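All values reported here derive from a predicted model rather than from experimental measurement. Scope of the values below: all heavy atoms of this structure, side chains included, with no hydrogens, waters or symmetry mates. Indexing begins at 1, ligand by ligand and atom by atom, following the structure's order.
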Amino acid sequence: LTTIEKLLVLQDRDRKIRQLSQECEDIPARKKLIETRLHSHQEELKQTQDELKHNASAIKQIEIDVDTNKLRILKLRDQQGMIKSNEEYRALEREISSVQKQIIDAEDREITLMEAGEKVRARLAEQEKSLAEEQKIVARDSAALDERKGNLVADLEKIKADRAGMVGDIPEDWLQRYERVFQHTGDYALVAIENKFCGGCHMALPPQVTQDVKKGLSLISCGYCGRILYWQP
Ligand SMILES: [Zn+2]
């Protein structure tokens, strides 16, 4: 293999390393995104639980009010028993009726609240079911990502070892220049000349450059983008 050919193989490994490393780095963010999906389900569930709590405490409050009013009626009846005047008796009777009316209204409200509570409870059950399903999916997806990460790490180790075995064969100055350009461009360090144009930036190259690249005696860069040129017959 010529040095350029060796560098092309190296570039292939380096691109693979770059791609796999990027995927590896993205995994924590992807896991976080999956867990976010779970958070929205949990949040929804918590809201429904709160709604149910409010419903229960409103019912409790009505029951307390009804009990208080029932006691009040008992007291008013006692008072009635001790009263002599008809007028006062009727006034107490009116008060008792009014309290009884309050009790009936409160009990109506309680029934409405209990019916609403049933609906909230049904919704809660649905949400618990869907959260449990989502938890399963998240656990499965998360485990798949962990497995993927394990495979990526193993693949990276293999490719890096492979790469380390190659670089000894390449002249140090060519290697350093290749690595600098590879880091700088973010895609390719080596590009073929394609019909008198640079394969990286697609600018027209001077004929002399193409001639020198064909000879392959030194590393020649594109004057526009800095990528190293090679000739592909
Ligand atoms: Zn170029």
Side-chain angles (χ1 to χ4, degrees), residues 1-41 134 136-233:
L1 289 184
T2 65
T3 302
I4 281 287
E5 283 166 340
K6 285 176 192 164
L7 282 175
L8 280 169
V9 178
L10 194 68
Q11 172 166 271
D12 179 66
R13 299 296 182 279
D14 281 342
R15 284 182 56 78
K16 195 77 195 160
I17 288 169
R18 181 183 272 161
Q19 183 210 326
L20 297 185
S21 302
Q22 188 59 57
E23 195 184 337
C24 220
E25 278 169 35
D26 289 346
I27 282 180
R30 285 171 69 191
K31 281 183 79 171
K32 215 168 195 163
L33 198 68
I34 288 173
E35 281 156 18
T36 310
R37 227 163 54 201
L38 206 55
H39 291 163
S40 71
H41 276 260
E134 194 66 38
K136 258 188 245 166
I137 295 168
V138 164
R140 192 196 60 200
D141 290 356
S142 192
L145 281 175
D146 286 340
E147 195 190 334
R148 176 72 189 142
K149 181 153 190 181
N151 290 338
L152 284 170
V153 169
D155 287 352
L156 273 168
E157 261 174 46
K158 241 183 275 168
I159 299 169
K160 281 177 181 173
D162 189 21
R163 184 196 193 276
M166 286 173 193
V167 291
D169 260 5
I170 301 165
E172 190 59 30
D173 53 337
W174 286 44
L175 182 64
Q176 281 180 2
R177 192 147 149 224
Y178 156 81
E179 283 176 341
R180 244 194 341 267
V181 178
F182 187 80
Q183 287 309 318
H184 180 72
T185 61
D187 50 25
Y188 294 92
L190 294 138
V191 289
I193 296 179
E194 292 167 358
N195 192 23
K196 296 175 198 162
F197 296 94
C198 164
C201 68
H202 309 292
M203 296 292 280
L205 299 163
Q208 187 57 49
V209 170
T210 304
Q211 286 311 313
D212 292 343
V213 170
K214 272 185 184 174
K215 282 182 206 150
L217 298 175
S218 61
L219 286 182
I220 294 161
S221 294
C222 165
Y224 304 102
C225 69
R227 291 183 182 87
I228 300 159
L229 299 161
Y230 68 93
W231 181 251
Q232 209 169 29

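- L219 pairs with exactly one of D173, L229, L7, V181 by the side-chain contact (heavy atoms from CB on, under 4.5 Å) rule, that one being L7.
- Salt-bridge formation is detected for the pair R227/D187: a Lys NZ or Arg NE/NH1/NH2 atom is positioned less than 4.0 Å from an Asp or Glu carboxylate oxygen.
- In this structure, K149 does not pair ionically with E23, as no charged nitrogen and carboxylate oxygen lie closer than 4.0 Å.
- A salt bridge links R37 to D141: one of the charged nitrogens lies within less than 4.0 Å of a carboxylate oxygen.
- Residue-and-atom listing of protein N/O/S atoms under 2.8 Å from the Zn ion (ligand 1), sorted by chain and number: C198 SG, C201 SG, C222 SG, C225 SG.
- In summary, K31 and D146 engage in a salt bridge, as defined by a charged side-chain N under 4.0 Å from a carboxylate O.
- Looking only at atom types and distance, the side chain of Q183 has no donor-acceptor partner in the side chain of E179 under 3.5 Å away.
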